[in-house]
Amino acid sequence: MPNTYSQISIQAVFAVRRRENFIIKPWRDELHQYIAGIITELDGKSLAVGGWKDHVHLFFALPTSMSIADLVQTVKTNSSKWINDRRFTHRKFNWQESYGAFSYSKSQRDNVIRYIINQEIHHKEVSFQTEYIKMLKNFDIAYNEKYLFEFFD
């Protein structure tokens, strides 16, 4: 859309179906780069992509032509296909249907980028469940535990 401008920074978080630890070191960085490329192809700006064995964090400037839901769904669909085509897992790979999305001001970008890049260190001390619930609480988002990600701690 010509003459349409915005600066909306979104962090989206989603997990592997059944929270399996499928996203392993030999191909994790390649997956994150692939996801960043999807965001770029959708006319978004990838600010950071990272995660751990069972989930990913995307931080991006939302394109003016897409909703958050459409962007996340496209990323999940294309990255699942990419993982399955390369047979990185011993059975079919899928993301869970749900996701979380959180907005940040431009002044918060550097902190969010650092946080996402340091996921491996972060998850030595904090579980994904604890991390995700803290995010929901920090953003004052009402939630029902039975509809959260499948947590198997």
Which atom names give the shortest non-hydrogen contact between [X] and [Y], and what distance separates them?
| X | Y | answer |
| --- | --- | --- |
| Asn94 | Ser80 | CA-OG, 4.2 Å |
| Ser79 | Val75 | OG-O, 2.7 Å |
| Tyr104 | Gln108 | CA-OE1, 3.4 Å |
| Gln7 | Lys106 | OE1-CB, 3.7 Å |
| Arg109 | Leu47 | NE-CD1, 3.7 Å |
| His55 | Val13 | CD2-CG1, 4.4 Å |

Inset, instruction - Name the orientation class of the two ring planes belonging to Tyr132 and Phe128 (parallel below 30°, tilted from 30 to 60°, perpendicular beyond 60°). - result: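 Judged by the thresholds at 30° and 60°, the geometry between Tyr132 and Phe128 is tilted.
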
Legend entry - Test side chain to side chain donor-acceptor pair (under 3.5 Å) applied to Lys81 and Asn78, Asp85, Thr77, the passing residue: Asp85

Legend entry - Close aromatic pair by centroid cut-off 6.0 Å: Tyr115 and Phe59: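 That pair fails the under 6.0 Å test.
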
Legend entry - Centroid-centroid under 6.0 Å between His57 and His122 rings: no

Any side-chain heavy atom of [X] sitting closer than 4.5 Å to one from [Y]?
| X | Y | value |
| --- | --- | --- |
| Tyr5 | Thr64 | no |
| Arg17 | Glu97 | yes |
| Glu131 | His123 | yes |
| Val56 | Trp95 | yes |
| Arg28 | Trp52 | yes |

State the [atom1]-[atom2] distance between [X] and [Y], to the nearest 0.5 angstrom.
| X | Y | atom1 | atom2 | value |
| --- | --- | --- | --- | --- |
| Asp43 | Met66 | CG | CE | 9.5 Å |
| Leu71 | Leu42 | CG | CG | 5.0 Å |
| Ile83 | Thr89 | CD1 | OG1 | 7.5 Å |
| Leu58 | His32 | CG | NE2 | 9.0 Å |
| Asp70 | Gln73 | CG | CD | 8.5 Å |
| Lys134 | Ser127 | NZ | OG | 12.0 Å |

Inset, instruction - May I ask you to check whether over 12 heavy atoms, not counting those of Asn144, lie within 6.0 Å of atom CG? - result: yes

Inset, instruction - Please say whether the positively charged group of Lys76, taken as NZ for Lys or CZ for Arg, lies over the ring of Tyr99, i.e. under 6.0 angstrom from the six-membered ring centre and within 45 degrees of the axis. - result: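 Not flagged: Lys76 not positioned over aromatic ring of Tyr99.
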
Legend entry - Result of checking Trp82, Phe88, Trp27 against Tyr34 for ring pair (Phe, Tyr, Trp, His ring centres under 6.0 Å):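 By the ring pair (Phe, Tyr, Trp, His ring centres under 6.0 Å) criterion, Tyr34 pairs with just one of Trp82, Phe88, Trp27: Trp82.
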
Legend entry - Donor-acceptor contact below 3.5 Å, side chain Asp54 vs main chain Val16: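 No, the answer is negative, given that no donor and acceptor are paired below the 3.5 Å cut-off.
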
